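For reference, the structure discussed in these notes is given below.
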Number of protein chains: 2
Amino acid sequence: MTTQQHTRLTQAERRIRSRNALLESAARGIAQHGYANLSLERVATQAGYTRGALYHQFAGKDELVLAVVGWVKETWAAEVGQVLTDHGNPADALLALARNHAIYCRRDVAAVLLNLRIEFDSQDHPVGRLIAESIDHIVTDCARLIEAGRTDGSIPQGPPARTTADALLTALEAVAIELAGQAPHDIDLAERAVRGVLGLPPH
Amino acid sequence: MTTQQHTRLTQAERRIRSRNALLESAARGIAQHGYANLSLERVATQAGYTRGALYHQFAGKDELVLAVVGWVKETWAAEVGQVLTDHGNPADALLALARNHAIYCRRDVAAVLLNLRIEFDSQDHPVGRLIAESIDHIVTDCARLIEAGRTDGSIPQGPPARTTADALLTALEAVAIELAGQAPHDIDLAERAVRGVLGLPPH
DNA sequence: ACAGTTACATACATATCTGTACGTATCTAT
DNA sequence: ATAGATACGTACAGATATGTATGTAACTGT
């Protein structure tokens, strides 16, 4: 009885399977330990491989983490960020963002965003730059919505739109991750925090 | 002309001066790079010493960081946390906490709290335990205030008091640090976030 | 079937960090 | 003044991390 594993795989299937396993392991590791304490040895072992496999798929630690960030960006954009472009009431869009983000953060790898952002804050590193750019883009979208809402009267006046958007996303991210797993209050409190930052009355 | 420095120091003065310099350097390092990327070599050099001096004053990296955390705890309790025990309107006390914390976070070492909390989240480490205990204590105080406010009617009903307190402090910490240096909006938005979490109407 | 490519493991080189042992200069007490 | 304690520097040892070079087994096209 030899190790006849996985019913014979093609190279492409093998590659994708390994790559995904390594990415998931890395995401979990970043969420738990951050970038600095992320050991490629542990990432590979936890995924069932050695560092050799990892270096075959990714040029190095940076590229691995960049791939993780890219994956998070994609899933976030699909599951959360799409409400920013659905044209409708700006205030409703931002509140929907809060609820969607709270749900997104229920998965244990969501902390990747927050961990890396803090770790690379005000630092000159490719990972930090990618994170900063991604966040900046989202902040810009939110600021536009806030300005639109203030124009049409659905959002009260307040600090500059961009500063408000910055606070909104910061509070939302922190609350959603901190309260992940405390359903259903995670959604409620995320929405409350966003309402407060926007100056909206309680629901 | 020999290096006749500092007008002749006593040993006790020397010790305190060196210790404070090392603590401040470490605090700045943690705020910027976190614990894992905190090099004792850099800490000592930046303070004008070598690692020898550091190891003479602190048993090791952990004890140094614990001392930094202790220092932050003390200054925070004196400048921010005291409003939690000043008996008065619970809602007003929590809003005062928000404003005080925003002001506290304007100093560049305030991020020590947030960085270490995230880095040692769900981890078995002396530093993590101290942080967790400190935060836990503050959360408990806030939860008590929330319950009192809900009893006397100054705070609306909502999710469990402890969960609400958790969200309140998380949002407050994140917003205050993110917006530090954006005066005066840092105070305004910190208070807005707290109002929102508590379910209070905008000011 | 066989040559070439791909996926992965193993072994090695190197850098960096912590911690310790020890040396030296400065202060203090008798 | 001198012996001892204290503050600090220097040198070394061990652990652990990344990255690279190389070996090997599995798959693929002709």
Side-chain angles (χ1 to χ4, degrees), chain A residues 2-26 29-30 32-68 119-120 123 125-127, chain B residues 2-26 29-30 32-68 119-120 123 125-127:
Chain A
T2 60
T3 16
Q4 156 85 26
Q5 59 210 0
H6 302 128
T7 74
R8 200 61 144 278
L9 291 171
T10 179
Q11 295 282 69
E13 288 170 334
R14 244 183 122 184
R15 180 175 184 83
I16 293 180
R17 179 183 294 239
S18 304
R19 193 181 162 89
N20 285 344
L22 290 167
L23 273 179
E24 184 182 333
S25 173
I30 295 171
Q32 285 182 17
H33 311 292
Y35 178 88
N37 276 332
L38 182 75
S39 161
L40 298 187
E41 175 77 33
R42 281 206 309 260
V43 169
T45 301
Q46 188 176 324
Y49 298 88
T50 66
R51 275 172 43 248
L54 204 158
Y55 274 96
H56 178 65
Q57 302 259 7
F58 304 95
K61 191 174 181 179
D62 285 0
E63 200 172 281
L64 170 67
V65 175
L66 287 173
V68 170
E119 195 162 355
F120 290 103
Q123 201 123 1
H125 192 97
V127 174
Chain B
T2 59
T3 18
Q4 157 82 26
Q5 59 208 2
H6 301 131
T7 74
R8 199 62 142 277
L9 291 170
T10 180
Q11 294 283 68
E13 289 170 334
R14 242 182 124 186
R15 180 175 183 81
I16 292 179
R17 179 183 293 239
S18 303
R19 193 182 162 88
N20 285 344
L22 290 167
L23 273 179
E24 184 182 334
S25 173
I30 295 171
Q32 284 182 17
H33 311 292
Y35 178 88
N37 276 332
L38 183 75
S39 160
L40 298 188
E41 173 77 32
R42 281 204 310 261
V43 169
T45 300
Q46 188 176 324
Y49 299 87
T50 66
R51 276 173 43 248
L54 205 157
Y55 274 96
H56 178 65
Q57 302 259 6
F58 304 95
K61 191 175 182 179
D62 285 1
E63 200 173 279
L64 170 67
V65 175
L66 287 173
V68 170
E119 193 162 357
F120 290 104
Q123 200 123 2
H125 193 95
V127 174

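Below, chains carry the letters A, B, ... as their sequence lines are ordered, and counting in each starts from 1. Please read all numbers here as calculations on a predicted model, not as lab measurements.
Counting only heavy atoms from C-beta outward, the side chains of Gln32(B) and Asn37(B) never approach each other to under 4.5 Å. The shortest distance between side-chain heavy atoms of Leu23(B) and Phe58(B) falls below 4.5 Å.
Minimum heavy-atom separation, Val127(A) to Leu66(A): CA-CD2, 3.8 Å. When all heavy atoms of Leu22(B) and Ala44(B) are compared, the pair lying nearest together is CD2-CA, 4.1 Å. Shown here for Ala36(B) and Lys61(B), the closest heavy-atom pair between the two residues is O-NZ, 3.9 Å. Of all non-hydrogen atoms in Leu38(A) and Ala26(A), the two that sit nearest each other are CD1-O, 4.0 Å.
Atom CZ of Arg17(A) is separated from atom P of dA26(D) by 16 Å (rounded to the nearest Å). Straight-line distance from the CG atom of Leu22(A) to the C1' atom of dA7(C): 11 Å, rounded to whole Å. Distance Arg15(B) CZ to dA7(D) C1': 9 Å, rounded to the nearest Å. Regarding Phe58(B), its CZ atom lies at a distance of 13 Å from the P atom of dG19(C), rounded to whole Å. In this structure, Leu54(A) places its CG atom 10 Å from P of dA9(C), rounding to the nearest Å.
With hydrogens and angles ignored, the 3.5 Å screen pairs a side-chain donor or acceptor of Glu13(A) with a backbone N or O of Thr10(A). Glu24(A) contributes no side-chain N or O that, together with a main-chain N or O of Asn20(A), makes up a donor-acceptor pair within less than 3.5 Å.
At a non-hydrogen distance threshold of 4.0 Å, Tyr49(A) from residues 34-49 of chain A come into contact with DNA chain C. Taking every heavy atom of residues 59-66 of chain A and every atom of DNA chain D, pairs under 4.0 Å involve Gly60(A), Lys61(A), by number.
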In residues 49-57 of chain B, what donor-acceptor pairs under 3.5 Å come from side-chain atoms, sequence neighbours left out?
residue: Tyr49(B); atom: OH; partner: Ser18(B); partner atom: OG; Å: 2.9
residue: Thr50(B); atom: OG1; partner: Gly52(B); partner atom: N; Å: 3.3
residue: Gln57(B); atom: NE2; partner: Arg15(B); partner atom: O; Å: 3.4

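Using a 4.0 Å cut-off, no side-chain N or O of Gln57(B) falls inside it from OP1 or OP2 of dT6(D). A close approach under 4.0 Å does occur between a side-chain nitrogen or oxygen of His56(A) and OP1 or OP2 of dA7(C).
The OG atom of Ser25(B) lies 10.0 Å from the CG atom of Leu40(B); values are rounded to the nearest 0.5 Å.
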Q: Begin from the C-alpha positions of His33(B) and Gln123(A) and carry the test side-chain contact (heavy atoms from CB on, under 4.5 Å) through to its verdict.
A: CA-CA 9 Å; His33(B) 311 292; Gln123(A) 201 123 1; 3.6 Å; yes
Write out a two-atom table: protein N or O, nucleotide N or O from nucleotides 10-14 of chain D, distance below 3.5 Å.
none

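Among residues two or more places apart in sequence or in another chain, the ring pair (Phe, Tyr, Trp, His ring centres under 6.0 Å) test is passed with Phe120(B) by Tyr35(B), His125(B).
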Q.
I'd like to compare against my own output: the B/S/- annotation of nucleotides 24-30 of chain C with a strict under-4.0 Å heavy-atom distance to protein.
A. ---SS--
